[in-house]
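Reviewing the structure listed below.
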Amino acid sequence: TFTLINEYDVRPMPLYHADLYRIRDAREAELLGLEEYFDRGGLTVIEWAERAAELLPPRTFHIHFRLGTMESERIITLQCAPS
């Protein structure tokens, strides 16, 4: 078994972690209730967010990780939503 959305009661705000690896598209994410987490006063972190791209709110930040040229190097890019 696996959990698609975990809730963590941490301070200063709750953390909601969604792993959408096992869903196919935005429709499945909608049925899962993903959008309900966006306005719950916490931070929602989504892995494989591209599978639910059309559900994401305008204030979404995208964090991309990729391997660098050296084995231990990681390149992290932060893309902010346009204002």
Quick note, ring pair (Phe, Tyr, Trp, His ring centres under 6.0 Å) partners involving residues 24-45, not counting sequence neighbours, are Tyr16-Tyr37

Joining Ile, Leu, Val, Met, Phe, Trp and Tyr whenever any side-chain heavy atoms lie under 4.5 Å apart, the cluster holding Val45 also takes in Tyr8, Val10, Met13, Leu15, Leu43

Query raised in the report: From Glu50 CD over to Asp25 CG, what is the distance, rounded to the nearest 0.5 angstrom?
Result: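 Rounded to the nearest 0.5 Å, the CD-CG separation comes out at 12.5 Å.
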
Does anything in residues 27-49 pair up under salt bridge (charged side-chain N to carboxylate O under 4.0 Å, His left out), and if so which pairs, sequence neighbours excluded?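 For residues 27-49, and leaving out neighbouring residues, the salt bridge (charged side-chain N to carboxylate O under 4.0 Å, His left out) pairs sorted by first residue read Glu7-Arg40, Arg24-Glu28, Asp39-Arg59.
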
Please tabulate, one pair per line, all N/O donor-acceptor pairs under 3.5 Å involving side-chain atoms of residues 61-70, not counting sequence neighbours.
| unit_1 | atom_1 | unit_2 | atom_2 | d |
| --- | --- | --- | --- | --- |
| Thr69 | OG1 | Glu73 | OE1 | 3.2 |

Quiz item: Side chain of Arg51, backbone of Ile23: donor and acceptor closer than 3.5 Å?
Solution: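 Checking the backbone N and O of Ile23 against the side chain of Arg51, a donor-acceptor pair under 3.5 Å is found.
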
Sorted by chain and number, sequence neighbours left out, side-chain contact (heavy atoms from CB on, under 4.5 Å) with Ala52 holds for Leu20, Ala29, Leu34, Leu55

